[in-house]
Structure formats: C-alpha cells, structure tokens
Amino acid sequence: LKRVKKLAMSFNGKGACDPEEEKEESPQDVTASEPNKAESKSYGFYVIDQTNRHNILLAEMIRGQLMLKRSSKVLTIKQYSGLILDEIETRVKDLAKTDGNISSIKVLKKTKKDFLLYLNTCKKTNRAAKNILRVMIGNDPVHAKVATEPLFAKEDSKSSSSAVTAKAALTKLKKKRAFTPADSALNRALSSYIDDKDGVKDCLLLTSTEILILTVLSSQGLPVFADDWSSLVNYDPLTEDTEQDEGFKIYFSCMGSVMQSAAEVWLAIAKKKLKTELLLQEGTHAIPGKDQTKIAILKKDQDAKELTLKEAEAYSDDCLLFARKCIMLVEAVRKNMGSVDLQYAGEKKIRQLIKSENGLGPKVLNWLSKDLHRWAGVLGALDKAGKVKSTTSITPAKNHPQSHDAAMMTKRDCRTVFVQIAQQSRLRSIFTKNNTTRLSGEMIPKVLKNSSFAVTEWEDCPSWWNESKEDDNTCECRDDLDLLVGILDYGYGGFESLLHHDFSFCQRLVSDNSKALTRASVQVRINHLTRELHAINETEEMMKLVEKTKRKGGSESPIASKAKKAKTGSIQSGLQAFFKQKKNDESAGPRKINSLPISPKNSDVEVIEIDSDSSDKDDKKRKQPFDLVEVADKKQK
C-alpha cells in the first residue's frame, strides 16, 4: 500500500514521503502481530494485554491512531480519540457489572490517563506523544535524532493542556462577544472567592445562591409591579389571562422554579468535575500537591452547589420569601453601584448621558429604583426610615457557611448587572401596557425617527435589518419588534434558542453567513430601543396627567373655582403699589374731598383699588383713580 501511495503521489507531481514520517509510520507501528511480553518494556505506562480478546479492538484502535500524521486536522484527531475514549468507558462499564474486576477497571483507567496525556501533547511533541501509544501496544519507542528531546511526552507543570484549551476557548468566545457584560460580571464574581483581602470593603459580598438569583434576574428582569401584585408572586393559570397581556408577564413563582433547575445543573457539573479529577488520580500512589489542592477546591465547590440547591428549593416552596429576597438583593446591588446622574444640562451632557449605561441612559435606572420601592412597600421590605432594605446573606457576624468564601462584586460589576435588570424590567412593562399592534405601528417607528436615537449607532447592524420584502406588507420595524419580543420570551440566557425561532431576522441570518449576532451585540440595539420607548411612554403618562388635571379643574363650580383662586398662593403686592405721588404739573386728577377726617386739606394721595377677581383687567384698574368718598361708602356698607 505504501508503494502504491508513493506511485500515486509521483503522478501528482509530489515526491516521496518524508523519511522521518516513514520512520514514524513503520510497519512496527501498524502490524497486528502479538508482541513478546518478555521483550516489551512499559517505561511507566500500561501495556495492553492483547491475549485477552476483549482488548483486541482497543489495541487496533490505538494502532489506527498511530497512523495519523502530524499534519492531520485537529478535528480528525479528536474524532478518532473520542472513539478510543468511548471504548475504554464501555469496557469499564461492562466490567463494573460483575464483581471481581476491580483490578481490571483500575488498569483501564490508567490506560485512559495515559491516552489523555498523548492527546494533550500530540500537537507540541508528536514523536514523544506517539511513543506513549507505541509502548501501550507493546512496541518500542522511536528515539529522536536530537539527544535533548525527551523520549516520552510529559504534562506541562505550569498548566495542563486541557486548562489551556479551555482558556483559549473562553477567550475566543469573549472576542466573539458571546457573553453580555452582566454575564461576565457574574462569572467574575463567582470565580473571585476571597477571604479578608484588600478592597473587600468597597465590594458587595454575596453567596453562590445570590449570584444564581442575579443570573436569573439578569436574563429575564423583575416582574413589573401592578395593583394585583399578589398574582405576580403566585402564578395561578386558572385566573391569569395570558391573552390580554400577550404572555409578557413573568411571576416570582415561575422564576423560583427556574432557579431550582439551574441549581440542579450547577450541582451536576460540579459533581462531574470532581469525579473526573478523582478518576485521573486513581491508582496513583502519591498525589502531587497541586492536584491535591485542585481536588480540595472542587470538593469545596461541590459543597457550595449542594447548599445552593437546598436554598433554591426553600425559595421555590415559599414564593413570597423569594420575592422579598429578590427585591432586597437588587436594592443591595443598586446601593453598591454608585449614584445615577440625571442632570440633563447642555447638549453635550445630553449626548453623554444618552450613550451612558451601555446605551440605556440613566432614566431607566431611576425608573427601576421607583419600582423597587413599590414592591418593597407591599412585601414588607422597608425599614423604619421608609427606605428599601438591602440585606444580603453575608453579614458582619459571618454566620453563613460561605462568609469566608464569598463571591465579590465590584461597583462596576454591580452597575453592569443593575443596568441589564433595569432594561429587561422596563421593556417588559412597556410591552405589558401596550399591545404589539400599537408598538409596531406607532411607537417603534416613532423611535426610529427620533434624533436622539440616531445619535447612538449599532456597529453590528446587518445591512438587511428592518428591510421588508417586495411581496411583504409588514411594517418597517419588523426585525426590531421580533428582537424585542424574542428577548422577553427567551431572555439573554436562552438567546441561542431564540436564534432557532422562526423570527424574520433569524431566517435571514441562516442565509447570510457574513453576519452572526450574539447576545452582547444585540444588547446594544435593545438598550437603545428601550431607552427611547421609555421616553415616549413617560411623555404619554405626563400628558395624561395634565389632561386629567384639566378635566378635574373644569368640573368645579364658578364659586368654588373663585374661592380656590383667592386661596392660591401668589406674590402679594407691596403697600406702595396702592399709592402713588401726584405730580404738581398734572392738570387732570382725582377729586380731593375734605369732609373726611382721614384726609388732610391739601392731600396729594390718591387710592387705587385692585379687583382680584379679574386678573385680565388688573393693570387698567391700577391706572384708574377712585374718589375717596366712594371708598368710604364701600367700607360703610
């Protein structure tokens, strides 16, 4: 077969194989002959017993792995390696079904560990990694030409290849903006377990349960306060009318169930990580100190996740307690994030505030603060001063099991999380009050024409966004409406599922491979739309209040309105306004009466009466002098 391959390559204009590759792919590697156990050396690795017919398939699969060249694609290597690992796992399961196979199971686990070492080092040191496989099937290792090159591959002491691969994958996801800023902030907080280090006083310390609650709230937002708030705490499908609000309402009871499911997933992942690490270390006489530390951290993490699940189940059973906890937790995040600037003074300052808070602006944050106060009033979460309580599980008494291993959220992280919760909550309130017909036909088109919306740009906007098809009579904001509806239905946590929906922009994304939307890229657009919809809704609410005040004022009787005008506060005129000095050269003037004792004979003072009932004739009456006799008659009457 090799000669045929060389002949075919010569027809294609290529030379013979590299002698180094030919040496690596020598018949010694691929022959299926049984090795002599007396001559084979293990070199610290396990040699597969090929006399056992159950191991023949595994040995042949490893021989096939040896035939892969160094230039093979990573995907091909992973596919073949996955088959080998599955075969080992299957053999372990078969042996575990019967008793007396403990030693064989340990041997297979050691084989798996050796194979994982090859898999983690095959791209860096191909020859040394393949020598591990050669020894496993009973062949001799191939020595390198350079004496300094090791005979067998070794795991990097600084960081394992799997950890490096995971870190590289995470960095790649961050470059693709696969996470929202709130997701990244919560992940940082969860991985920053500290114990009385510098900077703790300026941070918010939370438990893993509280981080999980914030994760759920960041994805969906808070339920919007309403007069029938009790129905939002406990969901009753028999009494709730989902058609009226088009299914945009969320309930604390449903969020508690979601939180419990997420806690179960967390615990399953923690158990799997610990189990994998223990399997890798099984059969080792002396576990290195670094691995012991890793196992201890994984055990601690599993204990924390078990406590999280226990607390999540308690919150799921008591919806009122969960609602109060959510309100106080979000208030704690708000207090720790710093102040909100609402001073819109100057065109430059307005542009800065519009672009602030990741394009959401500060007014939506202020709206959520008021909504939190409404919730706290009915849930009993107000202190004696009438402010919302912000108590968390980590107190100065440190009576919580995670008090010394609390998650740390900086001011910046708190602000990022609060911004996302405010955006989802405010957008949900707008969609609850207004039907989609009005939103698509009136409000969103008005937003797209606003000058303040044009200031904020969406860098990742596809060229076809909001373009209607020739045979389609839909509105010009169809993609924006579908995006807002989808993010309320699926949340940021379910954005990948949203992309598989039959929304208009999802169908176009399938055909347009040049553009890929992520939850972080669409969040910018959602923030801009929410900011402008909030401004329109606030203006409408203000106009309704003005109209209500006018109607209330017009329904009063004239006598009541006149009495109300007399009582209304105004600037009282000074005493000098009622008197003015008459000029000597003035020919015309008021008549002077000497019969009254209060008027001297040569008095130059004239009295002007002001009619307070008619403000329109005020100035004219101030200019008209009245006789003192008429004034006296009025006083007598």
Side-chain angles (χ1 to χ4, degrees), residues 180 221 224 245-246 248 340 342 344 347 349-368 370-371 419-469 472-492 495 498 503-506 508 515 517 519-545:
T180 62
V224 184
D245 57 27
E246 300 184 86
F248 292 117
V340 178
L342 295 172
Y344 281 77
E347 186 177 352
K349 184 67 177 296
I350 290 175
R351 287 198 303 267
Q352 290 177 353
L353 291 178
I354 286 175
K355 295 180 180 179
S356 65
E357 315 301 351
N358 198 16
L360 186 64
K363 291 185 178 180
V364 179
L365 275 63
N366 189 45
W367 174 89
L368 182 58
K370 296 178 181 179
D371 205 56
V419 165
Q420 187 164 317
I421 296 175
Q423 176 271 307
Q424 283 290 78
S425 303
R426 184 52 176 147
L427 183 63
R428 193 174 298 280
S429 70
I430 294 171
F431 271 73
T432 304
K433 294 179 181 178
N434 305 277
N435 53 39
T436 54
T437 304
R438 183 172 183 268
L439 284 163
S440 60
E442 182 182 347
M443 297 183 71
I444 297 180
K446 187 177 180 180
V447 166
L448 299 178
K449 295 176 182 178
N450 284 349
S451 58
S452 56
F453 183 77
V455 173
T456 52
E457 297 179 357
W458 185 24
E459 297 179 357
D460 299 320
C461 180
S463 58
W464 43 261
W465 192 260
N466 280 339
E467 288 184 358
S468 58
K469 299 179 181 179
D472 194 1
N473 295 325
T474 57
C475 63
E476 297 180 356
C477 58
R478 187 65 192 176
D479 291 336
D480 283 327
L481 179 65
D482 288 345
L483 177 61
L484 296 180
V485 171
I487 205 65
L488 290 177
D489 287 342
Y490 290 90
Y492 285 102
F495 183 77
L498 185 154
F503 290 126
S504 58
F505 70 93
C506 297
R508 296 186 183 185
K515 275 291 180 182
L517 296 179
R519 63 183 75 181
S521 63
V522 300
Q523 188 183 34
V524 178
R525 182 73 170 187
I526 294 171
N527 285 350
H528 295 168
L529 293 170
T530 305
R531 182 194 68 234
E532 297 301 322
L533 288 172
H534 167 77
I536 293 175
N537 190 80
E538 288 291 296
T539 304
E540 292 177 352
E541 292 293 332
M542 187 181 298
M543 294 305 297
K544 287 180 182 179
L545 184 61

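Taking 4.5 Å as the limit, some side-chain heavy atom of Ile526 sits within range of a side-chain heavy atom of Tyr492. Using a 4.5 Å heavy-atom cutoff, the side chains of Phe503 and Asp479 are not in contact. Side-chain contact between Phe431 and Leu481: present, with at least one pair of heavy atoms (C-beta onward) separated by less than 4.5 Å. Leu484 is not listed as a side-chain neighbour of Ile430, based on a closest heavy-atom distance of 4.5 Å or more. A heavy-atom distance below 4.5 Å is found between the side chains of Leu517 and Phe505. At least one side-chain heavy atom of Leu483 sits less than 4.5 Å from a side-chain heavy atom of Trp465. Within the 4.5 Å cutoff, the side chain of Asn434 has heavy atoms near those of the Asn537 side chain. In this structure, the side chains of Val447 and Asp480 stay at 4.5 Å or more apart for every pair of heavy atoms.
Annotation: the span from Lys449 atom NZ to Cys477 atom SG amounts to 10.0 Å, rounded to 0.5 Å. The line from CD of Glu540 to NZ of Lys433 is 10.5 Å long, rounded to the nearest 0.5 Å. Residue Asn435 holds its CG atom at 10.0 Å from CE of Met443, rounded to the nearest 0.5 Å. The structure places CD1 of Ile487 at 10.0 Å from CZ of Arg428, a figure rounded to the nearest 0.5 Å. Rounded to the nearest 0.5 angstrom, Lys446 NZ and Leu533 CG are separated by 11.0 Å. To the nearest 0.5 Å, atom OG1 of residue Thr530 and atom CZ of residue Arg525 are 11.5 Å apart.
Contact record, Ser504 with Arg478: OG-CG, 3.9 Å, taken as the closest heavy-atom pair. Contact between Gln423 and Leu360 at its shortest, heavy atoms only, is CB-CD2, 3.8 Å. Pro362 and Val340 get closest at one heavy-atom pair: CB-CG1, 3.4 Å. Nearest approach of Trp464 to Arg508, heavy atoms of both residues: O-NH1, 2.7 Å.
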Do Ser425 and Asp371 pass the side-chain contact (heavy atoms from CB on, under 4.5 Å) test, and can you show the C-alpha distance, the side-chain angles, and the key distance before you say yes or no?
CA-CA 9 Å; Ser425 303; Asp371 205 56; 5.9 Å; no
Which is it for Phe495 and Val522 under the side-chain contact (heavy atoms from CB on, under 4.5 Å) test, yes or no, and what are the steps along the way?
CA-CA 10 Å; Phe495 183 77; Val522 300; 3.6 Å; yes
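A donor-acceptor contact closer than 3.5 angstrom links the side chains of Gln420 and Gln523.
Between the side chain of Trp458 and the main chain of Ser521, a donor-acceptor pair closer than 3.5 Å is present.
With sequence neighbours excluded, the residues satisfying salt bridge (charged side-chain N to carboxylate O under 4.0 Å, His left out) with Glu442 are Arg438. A search for side chain to side chain contact (heavy atoms under 4.5 Å, CB included) contacts involving Asn366 returns Leu342, Lys370, not counting sequence neighbours. With sequence neighbours left out, the side chain to side chain donor-acceptor pair (under 3.5 Å) criterion links Ser429 to Arg426.
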